Amino acid sequence: MKRSLFAFPCAAILAIILAASFAPAVLFGQSASEKDADKKEPDNAPIVKVSLYKNGFCFVTREIAPRVWDKPLVLTRSIAPRHGTLWFDDPTARLRRTTVEKYVTPEPAPAAKKNDAPGYRPEWTTMTDVFEWQQVTVRTKDGEKISGRVVGNQKPLPQEQPKETPVEIMDEMSAYRSSSMPVRITSSASTVKSHSSFGASFLTLETEDGNFIAVRQSDVVEINAKSLYEGDDVPQPPAPKPVKQTEEIQIVEATMEDYRPVRMRYLTEGITWSPFYRLDLSEEKGKDGGGKVTVSAAATVMNNYSDFENAEVEFISGFPSLDFASVVAAVAKKLPMSTFLQSLANPSAGTPNYIRNATSGILSQSVMSQSVMSNARPVVQINKEDEPDAPPSKWSASGMEDIQYKSVGKLTMKKGDVVYLPVASKTADFEYVTTWSAPLQGEFSFGEKTPDTNVWSTVRFRNPFDFALTTAPYEIERDGKILGQSTGSWFGSGELASVRITHALGVSCTMSHFESGNRERVFRVPRAEGLSELRYRYPDVTVELALVNRTGKDVKISVDSVFFGELIEADEKPAKSVMTTDRTMNSKNKLVWDITLPANSKKTLTYTYKVIKDR
C-alpha cells in the first residue's frame, strides 16, 4: 500500500546515517581510482630500456611500433624529459606539446531504486542521500517550513564558473555560521551543481521557481516526503550534459617512409638502483699466504616512475655531471616563458643537495638516500712503487674511466615496485692487512705524541669483475658468521680494493709532529715596484710514526700520512701521492708505507718536509 505522505523523524535519519558510517567499505564496490586503472589505455610508446644512476635519475628509452606516419601519434603516457636530453633515433621525428578541446559527459548520478518500505541502506550517509531527488517539506527549529526537491549526490559538473559569482552566497554563509537560524541561499541553477556546493552538512532544496535553498541539516526537525523509493514514479536525477574541457597532449610527428620502430631517449627521474656487496672469507690458501674471498654483488631497484615490461636494465656508476637535472623540458609542461628562461639561467636552483654537490665537484663518503655519490678519485698517483706488479686496470683501458655501464638483463616492474637483484659472484685471493691513516695536522699547527685508535683490520683483494665496484656497503662474513659491515670506495676492474673489518686492538700507533730545523729560514715573494716583498718562515718539520705490534704474530701494516709542504726525506721509501690543493701556498701530499711488523716488536717511521708559514 502506498503512503501519500509520511513524517520521517530526524532521530531515525540520524540512526541511519550513523549506521552507514560503520558499514564495511566493501559494500561501496570498486574505488574510483581502480575504475580509472581498468580504463587505462595501453602505452603506445612503451619503455624498452632504462639506464639507472644511483641518485634517482635515469635515461629512459621508449619505442613506437612501426606505423605509417600519415598522421601524428598522440602519446597515451606524457613524458617529462630534462632539458637538452630528448633525442629520437630518426632525424625526421619530433615531439610537440599542444592543447585540444573536447566535450566530456560526466558520469550520471546513480538511479534511485525501489524499496517497498523505508529502511537502512549502506550508501546512506546524509539526509541528502536518504531523500535525494524527492519532493519534500522541511520544518526547521524555528518552525519555518520550506518545500522543494532535494538536490541529489551527483558529481559537480566540470563547467567553467559563471562570470559573475554571487557574492551574496558567501556573505550569507559567513553570517549563518554565527547564527542559529537556518540559512536561506537563493541562486541560479548555473551556480549550484549539487549539495556539495555548500558542503555535506547542508540540505539543498530546489524550489518550484527554480531557486535553490540550503538548510543546515542539524537545524532540521522534520522532513515530510510524498514517497520514499516506492511505486513506479520514483524520481530520477537529471541526465548530465556534456561539458567542454581543454587538455594538454604530446604528439609525435615524423615524415619517415621506412616502416620501422622509432625510439626516443631522455633523462628523467624516478628509477634508481642502490648496490651492496658481500665478502665471504675462506681459510683456503691463496697465493702469497693469503686466503680466498667470494665477492658477491647485488642491488635494489626502485621504480617510482612508470610501469615497464621486459625492458633492458643498465646500472650506471660514476660521478655524473647533471647540470640541468632539475630543469624540466619546455615540451613537457605548460609554464610561462620567463619561468623557463629563469630555470636555464640558474639550473641548480631546484637541484637536490647531493646532485648540486656532485656537479660542483664536492666529494662525500656518506651513503645518501637513493645514492652513494663519492665515486671520484681524489688522489692522483705520481708513482706506483706500492703496486709494481699491478695489472693494467680494465676500467682505465676501456676508455670509460669515470662512467661504467653494467647490463643486468631484462625486468618487468610496475610503478611503486622494489626489486632485489643478485648481479654477480666471483672468487679472488685476499690478505689481511692492518691499516692506519695518521691524523691530519693543520697546515701550520704541530703537536707531539698523538696516540690514535683509528687502526683497522682490513681485507685486501683485487676486484675480480669486469665492472667497477662502486661506493656502497660491504658485509664481511667468515664461516657463516658476520664480522661487520663498512663502506667501500670505488674500485675499478682489477684494481686493489681494501675494506675495513674491525678495529685492530693488538696494534697501537702514535704520531709526533714538530719543527726540527731552519726555523729562521725565510721564503721571499717579490711584489710590484713600490711595495715591500712578502716574507714567510720556511722551517723543516719532522713527523715520527711509532708502531707497536702486541699480537704475537707478524702483521702486514699499511700506513699513510698527509702533510702540507715539500718532502725532504723519508724512511723505507714510501709511495708518494700529490692530492688536490685549494687556497694554500703549500702542496698537499700523501705518503704510504706497506711493511711487515714482526710479532711483539716496535718500529718508527720518520719523514721530514719543509713548509711555508706566515711570519
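Just so it is clear, the structure is predicted and the values come from calculations on it, not from any experiment. Each residue takes its place number in the sequence, starting with 1.
- With Asp554 contributing its side chain and Ala599 its backbone, the two residues share a donor-acceptor pair below 3.5 Å.
- A salt bridge is defined here as a Lys NZ or Arg NE, NH1 or NH2 lying under 4.0 Å from an Asp or Glu carboxylate O, and Lys556 with Glu431 meets this definition.
- With rounding to the nearest 0.5 Å, the separation of OG1 in Thr458 from CD1 in Ile501 is 7.0 Å.
- Taking OG of Ser78 as the start and CD of Gln250 as the end, the distance is 4.5 Å to the nearest 0.5 Å.
- Residues meeting the ring pair (Phe, Tyr, Trp, His ring centres under 6.0 Å) test with Phe315, sequence neighbours left out: Trp273.
- For Arg265 and Phe59, the positive end sits near the middle of the six-membered ring, less than 6.0 Å away and at most 45° from its axis.
- Under the 30°/60° scheme for interplanar angles, the aromatic rings of Phe467 and Phe465 are found to lie parallel.
- In summary, Arg460 and Asp594 engage in a salt bridge, as defined by a charged side-chain N under 4.0 Å from a carboxylate O.
- By the 4.5 Å heavy-atom criterion applied to side chains, Trp490 and Gln404 are counted as neighbours.
- A donor atom on one side chain and an acceptor atom on the other are not found under 3.5 Å apart for Thr470 and Ser317.
- With hydrogens and angles disregarded, a donor-acceptor distance shorter than 3.5 Å links the side chain of Asn549 to the backbone of Pro598.
- Put simply, the side chain of Thr434 never gets that close to the backbone of Ile557: no donor and acceptor are under 3.5 Å apart.
- The closest side-chain donor-acceptor pair between Asp452 and Trp436 falls under 3.5 angstrom.
- Contact detail for Thr268 and Ala80: the closest heavy-atom pair is OG1-O, 3.4 Å.
- Every residue meeting the salt bridge (Lys or Arg N to Asp or Glu O under 4.0 Å) condition with Arg94, not counting sequence neighbours, appears here in chain and number order: Glu253.
- Taking the side chain as every heavy atom from C-beta outward, Leu545 and Thr604 never approach each other to under 4.5 Å.
- Judged by distance alone, with hydrogens and angles left aside, the side-chain atoms of Asn589 form a donor-acceptor pair with the main-chain N or O of Gly565 at under 3.5 Å.
- A pairwise comparison of heavy atoms in Met511 and Ser561 identifies CE-OG, 4.4 Å as the closest pair.
- Shown here is Arg97, whose CZ atom has more than 12 heavy atoms of other residues, nucleotides or ligands within 6.0 Å.
- Side chain of Asn303 to backbone of Gly416: no donor-acceptor contact under 3.5 angstrom is found.
- The shortest side-chain heavy-atom distance between Val252 and Ile64 falls under the 4.5 Å cut-off.
- Judged purely by distance below 3.5 Å, without hydrogens or angles, the side chains of Thr487 and Tyr474 never pair a donor atom with an acceptor atom.
- Without hydrogens or angle criteria, Thr608 side chain to Thr542 main chain gives no donor-acceptor distance under 3.5 Å.
- Judged by distance alone, the side chain of Glu495 and the main-chain N or O of Gly492 form a donor-acceptor pair under 3.5 Å.
- The shortest heavy-atom contact between Phe491 and Asn463 is O-ND2, 3.1 Å.
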Report task. Show your working on side-chain hydrogen bond (donor to acceptor under 3.5 Å, both in side chains) between Ser508 and Arg550 and close with a plain yes or no. Result -> CA-CA 8 Å; Ser508 61; Arg550 302 187 302 272; 3.0 Å; yes
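- Side-chain contact between Val60 and Met264 is absent, with no heavy atoms from C-beta onward closer than 4.5 Å.
- Using a cut-off of 4.0 Å between Lys/Arg side-chain N and Asp/Glu carboxylate O, Arg62 and Asp43 are scored as salt-bridged.
- Taking all atoms of both residues into account, the shortest heavy-atom contact from Val592 to Ser558 is CG1-OG, 4.1 Å.
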Query raised in the report: Can Leu279 and Val499 be said to form a side-chain contact (heavy atoms from CB on, under 4.5 Å), step by step?
Result: CA-CA 9 Å; Leu279 304 179; Val499 180; 4.1 Å; yes
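- Side-chain N or O atoms of Asp540 include none that pairs as donor or acceptor with a backbone N or O of Lys610 at under 3.5 Å.
- A salt bridge links Asp429 with Lys292; the closest basic N to acidic carboxylate O contact falls under 4.0 Å.
- Side-chain contact of Glu544 with Ser512: a donor-acceptor pair under 3.5 Å is absent, judged by distance alone.
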Query raised in the report: Going through the distances and angles, do Glu314 and Val50 end up as a side-chain contact (heavy atoms from CB on, under 4.5 Å)?
Result: CA-CA 6 Å; Glu314 289 180 331; Val50 288; over 6 Å; no
Requested in this report: Would you check, one step at a time, whether the test side-chain hydrogen bond (donor to acceptor under 3.5 Å, both in side chains) holds for Glu566 with Tyr538?
Outcome: CA-CA 10 Å; Glu566 181 182 347; Tyr538 200 24; 3.3 Å; yes
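- Heavy-atom minimum distance, Ala472 versus Tyr277: CB-CE1, 3.6 Å.
- Side-chain contact between Thr294 and Lys426 is absent, with no heavy-atom pair separated by less than 4.5 Å.
- Here Glu63 does not pair with Lys49 in a salt bridge; the nearest charged N to carboxylate O distance is not below 4.0 Å.
- Between His513 and Phe563, the distance separating the two ring centers is not shorter than 6.0 angstrom.
- Phe430 has its ring centre less than 6.0 Å from the ring centre of Tyr432.
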Requested in this report: Please report the C-alpha distance between Phe308 and Val48 in whole Å, then the side-chain angles of each, then the deciding distance to 0.1 Å, and finally whether the side-chain contact (heavy atoms from CB on, under 4.5 Å) criterion is met.
Outcome: CA-CA 7 Å; Phe308 56 85; Val48 295; over 6 Å; no
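- Ion pair Glu309/Lys414 not flagged as a salt bridge, since none of the NZ, NE, NH1 or NH2 atoms sits closer than 4.0 Å to an Asp/Glu carboxylate oxygen.
- Listed for the Asn55 side chain is a donor-acceptor partner under 3.5 Å among the backbone atoms of Phe57.
- For the atom pair Leu591 CG and Lys573 NZ, the distance stands at 14.5 Å (nearest 0.5 Å).
- The closest side-chain heavy-atom distance from Ile47 to Tyr305 is below 4.5 Å.
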Requested in this report: Starting from the C-alpha separation in whole Å, work towards a yes-or-no answer on side-chain contact (heavy atoms from CB on, under 4.5 Å) for Arg462 and Leu496.
Outcome: CA-CA 4 Å; Arg462 291 198 179 276; Leu496 196 63; 3.7 Å; yes
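- With rounding to the nearest 0.5 Å, the separation of CG in Leu547 from CH2 in Trp593 is 9.5 Å.
- With contacts defined as side-chain heavy-atom distances shorter than 4.5 Å, the pair Trp456/His503 qualifies.
- The backbone N or O of Leu605 sits nowhere less than 3.5 Å from a side-chain atom of Asp571 that would complete a donor-acceptor pair.
- Looking at Leu344 and Phe324, their side chains come closer than 4.5 Å, going by heavy atoms from C-beta outward.
- Considering CD1 of Ile476 and CG of Asp280, their distance stands at 11.0 Å, rounded to 0.5 Å.
- Here CG of Leu483 is found 6.0 Å from CG of Leu281. Values are rounded to the nearest 0.5 Å.
- Side chains of Asp560 and Ser437: a donor-acceptor N/O pair is present below 3.5 angstrom, by distance only.
- Between Tyr53 and Ile316 the shortest heavy-atom distance is CE2-CG2, 3.4 Å.
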